[in-house]
Structure formats: structure tokens, C-alpha cells
Amino acid sequence: MRLPLLDPADPASIDVGQVKEMVDIFLDKGFTYFDTAWMYCGFNSENVAKTALVDRYPRESFTLATKLHASFFESLEGRDKVFQEQLAKTGVEYFDYYLLHGISKNSYGKYEKFDCFHWLEEKKKQGLVKNIGFSYHDNAELLDEILTKHPEMEFVQLQLNYLDWESEWIQSRKCYEVAVKHNIPVIVMEPVKGGTLANVPEEAQTLLKGRRPDMSTPSWAIRFAASLDNVMMVLSGMGSVEQMMDNVGYMEEFQPLTQEENALLKKVADIINSATAVPCTGCSYCTDGCPMKIAIPQYFSLYNEDMRESKDKGWTVNETYYQDLTQEFGKAGDCIGCGQCEQICPQHLPVIQHLKEVAAHYGQ
């Protein structure tokens with residue numbers, strides 16, 4: 001989802017050369033799991049998986065996962081059309097892991113309507129998929145209902161991080177506990193919350209560096225997720241060789257968090273929550289269908305940065321960044337309130353209201 005780009009304004013402009021270098025490092029260090037999806041990186045991520053990975057390494061040397069998203073099929077035949085195109089795009093004969101993508105109360109009914117759970121079972125019987133499961137963005141109650149109804153699911157992918165652990169919106173802890181109850185392995189997504197836990201407020205940074213000056217800030221977030229029992233995999237969206245080197249450096253000889261370190265992260269979470277205006281992870285699910293082509297995640301990121309600044313600072317460079325973006329994308333104030341962004345947002349954010357706040361902040 002967060003591969004390095006040649007043009008930050010074009011999510012499909014993947015820096016393939018750098019991705020190849022990252023793939024080489026990853027495999028050389030003994031890691032194998034690669035996660036992609038139909039619409040990641042402007043629908044180009046699966047293509048790059050073929051170019052940077054599949055075409056360059058033996059099939060048995062890597063593990064590949066991809067997903068079927070409810071937004072991109074409207075019939076029984078539509079499911080298979082996407083699946084066949086994914087096989088062609090990635091260049092593989094089978095997927096090691098295949099997921100129903102981003103299940104929530106808004107999409108669950110569609111997956112049931114088109115019998116996607118049993119469809120996925122058939123793909124496994126045909127040898128086209130080795131492991132079947134789903135990624136999930138909703139409350140623990142619905143997750144319990146789904147896992148009870150579909151014991152054939154072999155894993156679940158959850159948003160788990162120390163900032164969302166006690167969140168009543170994301171319910172990281174509660175969803176994790178449901179997975180444990182059903183004895184189903186967990187794959188972790190958003191462990192660094194779209195970079196939020198890589199760039200923490202100075203006060204939080206001081207606490208972390210005071211405890212372990214040798215560890216990077218995002219390493220704390222990865223280690224939090226990887227320290228949990230029943231977690232089989234932690235996904236980290238690495239956007240550069242430098243991020244890759246950092247991650248493999250501390251994961252090669254993994255050290256779980258101590259009780260004292262977990263307690264420290266609770267303090268860090270309190271500090272971050274007090275300084276984050278819009279808890280957006282930058283997944284960009286909201287932008288593909290926006291009729292006004294508003295750069296929602298970028299605007300929220302700039303707004304958050306400004307909200308962390310001193311109140312008496314006045315002008316910030318983020319105002320220039322905002323104006324530059326509006327030359328190519330719709331302004332925050334152009335929002336017509338259609339609500340498609342809020343329906344698809346995995347974080348269940350009141351996107352329309354936040355866009356009004358951004359528009360007011362930047363003087364529209």
C-alpha cells in the first residue's frame with residue numbers, strides 16, 4: 001500500500017528500482033511475506049509484485065497475499081473476473097493467502113449476498129489459494145458473529161497498535177480478544193497507524209529514547225504488535241530502503257516488549273491522542289470515489305501537523321503545501337457531503353466534518 005513513489009501526487013508512479021532493492025534485502029534477511037491488494041497504489045501494486053518479486057525469484061521462496069474488495073464486483077461472475085485478473089497481474093498460479101478485503105457492517109452483507117466465503121473455500125479446494133481469511137474494520141461484536149458463522153476462515157487481519165488498543169472506534173484489544181476466543185491466528189495491519197507512530201510528539205519521543213536510545217520510534221509500534229500471543233504476522237508498509245533496513249534490523253532477532261515497556265507505551269498513547277486532531281491513517285480508500293477529487297488524507301496530515309504546532313506560531317509551511325495540492329486536487333471546502341468517504345473509511349471517521357475544519361483552518 002505504501003510503496004515508494006516517483007511522484008507523491010500519483011499513487012501509481014511506483015519507484016520499481018527501489019522496490020526491487022527492498023525485496024532483495026527482505027528475502028536475503030529470511031523474511032518472505034508480501035501483502036498487496038487490487039487497488040493499492042492506484043491499482044499498480046499487484047503489477048509491481050510481478051515485476052519486482054514474482055519474475056525475479058522462485059515461487060517457493062516467497063509468500064504472496066492479495067484481496068477481493070467489495071467495491072469492485074457486482075455479480076458472482078465479477079468475483080472470478082477480479083480473481084483471474086489478479087493471477088494475471090501478479091504472474092502466479094496460486095496465492096498463499098487470499099482475503100475478503102476490509103469487512104465492516106457496510107460491506108459484510110455484500111460478501112454474504114454473493115456467497116464470497118464459500119467461493120473462497122472453493123478457490124482453496126481448486127489449489128488456487130492456500131490459506132483463506134479476511135481483513136476487518138469494525139467492532140468486536142460483529143467480528144464474533146462472523147467467526148462464529150464462518151469457522152472455515154483460517155486467519156483474520158486486524159488493525160492492532162498501541163494507540164488504538166483501547167479505542168472505542170477501532171476496538172483493537174476487543175477484536176484481538178475475539179480472535180483469541182475463536183483460536184484464529186491474527187495478521188496485524190496498521191501497526192504504525194499509517195506513520196502516526198513513526199512521528200510522535202516530542203514529549204513522547206523523549207520517553208521512548210530515554211528508555212531505548214538504540215531503537216527507532218516505529219520499532220516500538222511493530223514490537224508491540226509482534227509481542228502479542230496469537231499474532232502470526234505483522235505487516236509494515238515500508239516506503240524506502242531505509243525503512244526496510246530499520247525493520248529487518250530489529251526483527252531478525254526479535255525481542256518482545258517487557259511489562260515496563262508496555263506501560264511506557266500507554267503513556268505515549270495518551271500523549272499522542274492529546275495531540276492528534278484527525279486520526280487518519282492515510283490508507284486513501286476514501287479518495288478513489290470522491291466526486292470532487294479531494295486529497296483527503298493529505299489534507300488531514302497537513303492539518304494534524306499544524307495542530308501540533310505552537311498556537312502562537314502563525315504561518316506554517318503546511319499552508320503552502322495545502323495551496324499547492326489544491327492546484328491539482330479539489331479543496332477541502334469543495335466537499336459536497338455525499339458521504340461515500342465515510343462509508344468506506346476503515347477508521348469510521350466523520351470525514352465531512354473534518355474537511356470543514358480543514359477548510360476553515362486554511363481560510364476557505
Side-chain angles (χ1 to χ4, degrees), residues 1-4 12 14-69 72-73 78-102 116-135 152-157 184-189 226 231-241 243-245 247-248 251-252 254:
M1 180 193 291
R2 297 185 174 93
L3 296 175
I14 300 171
D15 183 347
V16 178
Q18 188 170 181
V19 173
K20 287 181 178 179
E21 185 177 355
M22 293 166 68
V23 166
D24 294 344
I25 294 169
F26 194 69
L27 290 170
D28 181 63
K29 295 293 185 180
F31 301 99
T32 65
Y33 194 103
F34 295 85
D35 173 87
T36 184
W38 178 250
M39 72 283 208
Y40 286 175
C41 298
F43 298 87
N44 197 27
S45 179
E46 289 173 325
N47 296 317
V48 173
K50 181 178 189 300
T51 302
L53 175 65
V54 178
D55 288 348
R56 301 172 63 238
Y57 285 93
R59 181 63 184 91
E60 66 275 9
S61 68
F62 61 85
T63 305
L64 187 62
T66 195
K67 315 174 186 79
L68 174 74
H69 196 284
F72 301 103
F73 68 93
R79 305 167 309 178
D80 283 294
K81 182 179 179 182
V82 171
F83 188 87
Q84 291 301 320
E85 288 193 31
Q86 288 177 308
L87 288 174
K89 286 173 71 176
T90 58
V92 297
E93 295 181 350
Y94 66 89
F95 295 110
D96 298 279
Y97 290 79
Y98 197 89
L99 298 82
L100 302 180
H101 194 173
C116 291
F117 291 90
H118 294 125
W119 169 81
L120 202 49
E121 275 192 290
E122 286 301 311
K123 294 300 181 194
K124 181 175 180 179
K125 291 177 182 177
Q126 296 165 11
L128 297 171
V129 176
K130 288 189 174 183
N131 302 277
I132 59 176
F134 60 94
S135 60
E152 70 275 12
M153 293 292 99
E154 297 171 318
F155 65 94
V156 62
Q157 188 163 301
I184 185 168
V186 172
I187 295 176
V188 174
M189 58 183 164
V231 165
M232 60 166 283
M233 183 67 54
V234 179
L235 304 178
S236 176
M238 292 169 272
S240 68
V241 171
Q243 291 179 10
M244 173 68 72
M245 293 302 295
N247 275 0
V248 299
M251 288 303 293
E252 271 191 291
F254 174 64

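Heads up: numbering here begins at 1 and tracks the sequence.
- Residues in residues 91-101 take part in these salt bridge (Lys or Arg N to Asp or Glu O under 4.0 Å) pairs, two or more places apart or across chains: R59-D96.
- The ring pair (Phe, Tyr, Trp, His ring centres under 6.0 Å) test applied to F134 returns no partner, not counting sequence neighbours.
- Residues that satisfy the salt bridge (charged side-chain N to carboxylate O under 4.0 Å, His left out) test with K20, not counting sequence neighbours, are absent from this structure.
- Between the CE atom of M153 and the CG atom of N131 there is a distance of 11.0 Å, given to the nearest 0.5 Å.
- With rounding to the nearest 0.5 angstrom, the CH2 atom of W119 is 4.5 Å from the OH atom of Y98.
- Legend: residues meeting ring pair (Phe, Tyr, Trp, His ring centres under 6.0 Å) with Y33, ordered by chain and number and at least two apart, are Y97.
- No more than 12 heavy-atom neighbours from other residues, nucleotides or ligands sit within 6.0 angstrom of CE on M245.
- Atoms CD and CE, from Q243 and M22 in turn, are 7.0 Å apart once rounded to the nearest 0.5 Å.
- In this structure, the ring pair (Phe, Tyr, Trp, His ring centres under 6.0 Å) partners of F34, at least two apart in sequence or on a different chain, are F26.
- Not counting sequence neighbours, the partners of E154 by the salt bridge (charged side-chain N to carboxylate O under 4.0 Å, His left out) test are K124.
- From L235, atom CG reaches atom CE of M1 across 9.5 Å, with rounding to the nearest 0.5 Å.
- The OH atom of Y94 sits 12.0 Å away from the CG atom of L87 when rounded to the nearest 0.5 Å.
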